[in-house]
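Whatever order the structure lists ligands and atoms in, that order sets their numbers, starting from 1. Numbers here are sequence positions counted from 1.
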Amino acid sequence: MELTYARDFWPLRHKYDTPELPEMKGNRMGFYEKLGLCPIINASETYTKLGGSLMAPETLEAMKEAAEGFIDLDRLLDKVCEKAALLTKNDGAFVTSGASAGVILSTGACMILESMAARNDFAEDILLEAFPEREAFPKNEVLVFDGDFRNSVPYWKLIALTGAKIVSVSPDAEGIRKAVSEKTAAFVLFPAPLYEKGILSCEEAVPLLRQMGVRTIVDASAQLPPVSNLWYYTRELGADVVIFSGGKHLRGPQSTGLIAGKKDITDLCRKLASPNERLGRGFKTGKEELAGFLTALELFVKTPDPERYERQKKLLALIAGILEEKTKGLLTIEWLDRGRLGTYQPLLHIYLPEGRNAKECLAYTRKRKPAVDIGVYTPEFHMPPNLIFLNAYNLKDENEARLTAEAVAGYLER
Ligand SMILES: *Cc1c(COP(=O)(O)O)cnc(C)c1O
């Protein structure tokens with residue numbers, strides 16, 4: 001498969017990330033500065049490659065407190081997972097080291113459950129130890145939709161770590177009917193339709209798969225807010241489990257992720273995961289991350305969606321105002337009331353004038369001091385090349401909004 005996204009797009013974000021030591025004007029050197037790294041203002045997305053998101057002071061405080069003493073890790077995991085299930089209105093939850101780990105563990109759990117359902121001589125304690133031995137599982141095929149979106153969402157490949165055979169499915173109802181077999185363990189759904197037209201949505205695929213008795217895992221890693229998405233996919237759509245990144249919109253530690261849904265699956269994920277020496281031993285969540293994750297989740301659920309929305313809208317309005325004034329009708333600015341991936345957040349679309357393009361603009365803003373990361377659509381979206389998007393989720397304050405506007409205006413002044 002042609003990896004246009006990985007090869008063509010991400011290097012752009014890295015290429016300009018080797019700046020000379022920043023000028024220090026008598027300020028204290030920060031950790032990043034001491035390493036010779038320029039911090040970046042994030043006006044694009046909760047990209048992991050930029051650091052995801054920023055934790056709230058309460059979250060940092062909880063991590064610090066957790067770091068100051070020993071604890072029975074199993075008991076801590078029990079408590080954190082119990083609370084995460086309650087907060088997300090799901091029967092079960094498991095906190096792991098990221099959404100990717102969540103996809104791998106929940107796939108493994110489905111392979112165990114389905115294999116035991118198919119063959120009553122297969123015991124859980126044997127299967128728990130059997131990964132990644134494909135032939136140990138009578139149900140060892142995991143279904144994933146095919147499409148260009150897989151360049152942007154390459155996490156599907158990681159399913160192979162369980163030993164499962166990944167079966168690519170034509171992204172329509174007929175494709176599903178053809179692909180489901182006596183070996184199917186689960187169907188993993190990624191947010192494909194948000195990247196590419198013509199692919200069955202979760203709303204269409206989950207009910208169909210349920211009818212056919214196929215277990216469904218929804219990777220909704222970046223599908224927040226609204227808060228209600230924490231239970232929408234499982235309770236309303238009927239997916240077996242849903243997965244979220246802790247380090248994106250939840251603003252938890254970067255190395256956390258949540259699996260929520262059916263308790264038989266989340267319980268098995270727990271058994272497969274660290275501290276047990278099994279499939280998930282490499283995806284360790286420490287006491288600090290568990291404390292940080294739970295605190296971040298509590299804060300996220302407690303904050304009303306409109307409050308988050310209004311905060312972002314104000315910052316984007318400030319950017320739009322500065323840009324309009326500085327560029328005097330040169331730009332077309334469009335307000336969207338949904339995020340790039342359908343999330344509940346405002347978004348600015350800015351169409352650059354003739355002869356200018358989004359990638360070049362990003363290259364410029366990333367080279368500036370301070371560096372600013374602006375949004376550029378990946379090829380799958382089929383957007384015009386002069387379109388940039390600005391997202392205020394990760395902007396700290398008005399000053400960062402101002403610097404973002406100045407960076408974009410600076411590109412046009414060249
Ligand atoms: C970001 C993302 C992931 C990876 O999340 P981590 O928490 O960094 O492991 C997986 N799936 C999708 C759809 C994502 O957007």
**OP:** Start with the C-alpha distance between N391 and Q345, add both sets of side-chain angles, then the distance that settles side chain to side chain contact (heavy atoms under 4.5 Å, CB included), and finish with yes or no.
**Re:** CA-CA 8 Å; N391 171 352; Q345 56 187 134; 3.2 Å; yes
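- Of all the atoms in ligand 1, the ones that sit under 4.0 Å from a non-hydrogen atom of S245 are 5 (O), 6 (P), 7 (O).
- For residues 219-244, the pairs satisfying salt bridge (charged side-chain N to carboxylate O under 4.0 Å, His left out) are R215-D240, D240-K262, with sequence neighbours left out.
- Set against the non-hydrogen atoms of G98, the atoms of ligand 1 under 4.0 Å away are 7 (O), 9 (O).
- Of the polar atoms of Y195, none of the N or O atoms is found under 3.5 Å from an N or O of ligand 1, judged by distance alone.
- With ligand atoms numbered from 1 in the order given, ligand 1 contributes 13 (C) to contacts under 4.0 Å with heavy atoms of V153.
- For atom 15 (O) of ligand 1, the nearest non-hydrogen atom of the protein is K248 NZ, 2.7 Å.
- Nearest heavy-atom pair across M212 and R177 is CE-CA, 3.9 Å.
- Here the CD atom belonging to Q254 is positioned 7.5 Å from the CE atom belonging to M55, to the nearest 0.5 angstrom.
- Contacts between Q254 and ligand 1, counted as non-hydrogen atom pairs separated by less than 4.0 Å, are absent for every part of the residue.
- For the pair R368 and Y411, the cation-pi criterion (under 6.0 Å, within 45° of the ring axis) is not fulfilled.
- The proximity of A99 to ligand 1, defined as any non-hydrogen pair under 4.0 Å, involves the side chain as well as the backbone.
- Taking the charged nitrogens against the carboxylate oxygens, R150 and D146 do have a contact shorter than 4.0 Å, which makes a salt bridge.
- Residue H349 forms a ring-ring contact (aromatic ring centres under 6.0 Å, His included) with just one option from W335, Y377, F389, and that option is Y377.
- Remark: A85 pairs with A93 by the side chain to side chain contact (heavy atoms under 4.5 Å, CB included) rule, at least two apart or across chains.
- Distance from atom 13 (C) of ligand 1 to its nearest protein heavy atom, with residue and atom name: D219 OD2, 3.4 Å.
- Remark: ligand 1 and Y155 share no N or O pair separated by less than 3.5 Å (distance only, no angle test).
- The nearest protein atom to atom 9 (O) of ligand 1, hydrogens excluded, is given as S100 OG, 2.7 Å; this is a heavy-atom distance.
- The distance from ligand 1 to the heavy atoms of T48 drops below 4.0 Å at these ligand atoms: 8 (O).
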